[in-house]
Amino acid sequence: AFLLSRAEQVDNQRVAVPLIERFATAANDNAAKVGVPVSGSDLSRKGGEMLWFLRVFPYLDASTTVPLLKAAMTQAKDQEAKRWWLMALGMTGDKTVGSELRAIVESKTEDVSVRALALMAYGYALEEEALPLLRSYENDPTPGPNPYAPSPLRNRSSSTTAKILGHKLR
């Protein structure tokens, strides 16, 4: 899906619909995997699996994807599933989910991997407006599920900041 989404001659509807269907299944199936470390990753197993989906959304045409995501989010069975839909919308650049994503990032009870991915989605949604929050996590010491990996919040902060500033320089 990632490669197809980046191809110029691909019908976005044909890529987006199956991706969103698989994303819905993953969001519901991975509920028990929060906090389980993955070897070689700063994210939990759930976070790592969901990242593979989330990284595709910026490459899809938002005019196709955003309505599909918003419709799918109305079907969310619980708050956890809704959080993943908010992150997907943020990754498409939908600014309307910024405050909800920020609340996830700033939550002290939320899994650190989920917070890190929400921080990334917040950056994609708000771009330059997100820089103050992103920069506030540049030196964040909060450990992730893997004690040998760097902080997930710090990693997502630096990579998303670099993406935003890189686009600004072009």
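- Residues E49 and W52 fail the side-chain proximity criterion, which asks for heavy atoms closer than 4.5 Å.
- Atom OG1 of T142 and atom CG of L153 lie 5.5 Å apart (nearest 0.5 Å).
- When every heavy atom of G123 is checked against every heavy atom of A130, the shortest pair comes out as CA-CB, 3.7 Å.
- A salt bridge links E100 with K82: the distance from a Lys NZ or Arg NE/NH1/NH2 to an Asp or Glu carboxylate oxygen falls below 4.0 Å.
- Between the S107 side chain and the I104 main chain, no donor and acceptor come within less than 3.5 Å of each other.
- To the nearest 0.5 Å, the span separating CG on L117 from OG on S44 amounts to 7.5 Å.
- Contact detail for N155 and S158: the closest heavy-atom pair is O-OG, 3.1 Å.
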Considering only distance and modelled atom types, tabulate donor-acceptor pairs under 3.5 Å from the side chains of residues 83-94, sequence neighbours left out.
unit_1, atom_1, unit_2, atom_2, d
R83, NE, E110, OE1, 3.3
R83, NH1, E110, OE1, 3.3
T92, OG1, L89, O, 2.5
D94, OD1, T96, N, 3.0
D94, OD1, T96, OG1, 2.6
D94, OD2, K70, NZ, 3.4
D94, OD2, T96, OG1, 3.2

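- Between the T65 side chain and the D61 main chain, a donor and an acceptor come within less than 3.5 Å of each other.
- Although no hydrogens or angles enter the test, the distance criterion places no donor-acceptor pair under 3.5 Å between the side chain of S151 and the main chain of P143.
- With values rounded to the nearest 0.5 angstrom, L19 atom CG is found 8.5 Å from L69 atom CG.
- In this structure, the side chains of M120 and L51 come closer than 4.5 Å at one or more pairs of heavy atoms.
- Considering CG of L134 and NZ of K163, their distance stands at 10.0 Å, rounded to 0.5 Å.
- When side chains are defined from C-beta on, Y122 does not count as touching V97, because their heavy atoms never get closer than 4.5 Å.
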Applying side-chain contact (heavy atoms from CB on, under 4.5 Å) to M50 and V114, what does each step give before you reach the verdict? CA-CA 9 Å; M50 298 309 284; V114 173; over 6 Å; no

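- With hydrogens and angles ignored, the 3.5 Å screen pairs no side-chain donor or acceptor of T64 with any backbone N or O of L60.
- Crowding of K95 atom NZ: a count of heavy atoms from other residues, nucleotides or ligands under 6.0 Å exceeding 12.
- Applying the salt bridge (Lys or Arg N to Asp or Glu O under 4.0 Å) definition to pairs two or more places apart or across chains, those involving residues 134-162 are D42-R156.
- Counting heavy atoms from C-beta outward, L119 and T160 have side chains that stay 4.5 Å or more apart.
- Outside the 6.0 Å centre-distance limit, the rings of Y124 and F57 are not counted as a close aromatic pair.
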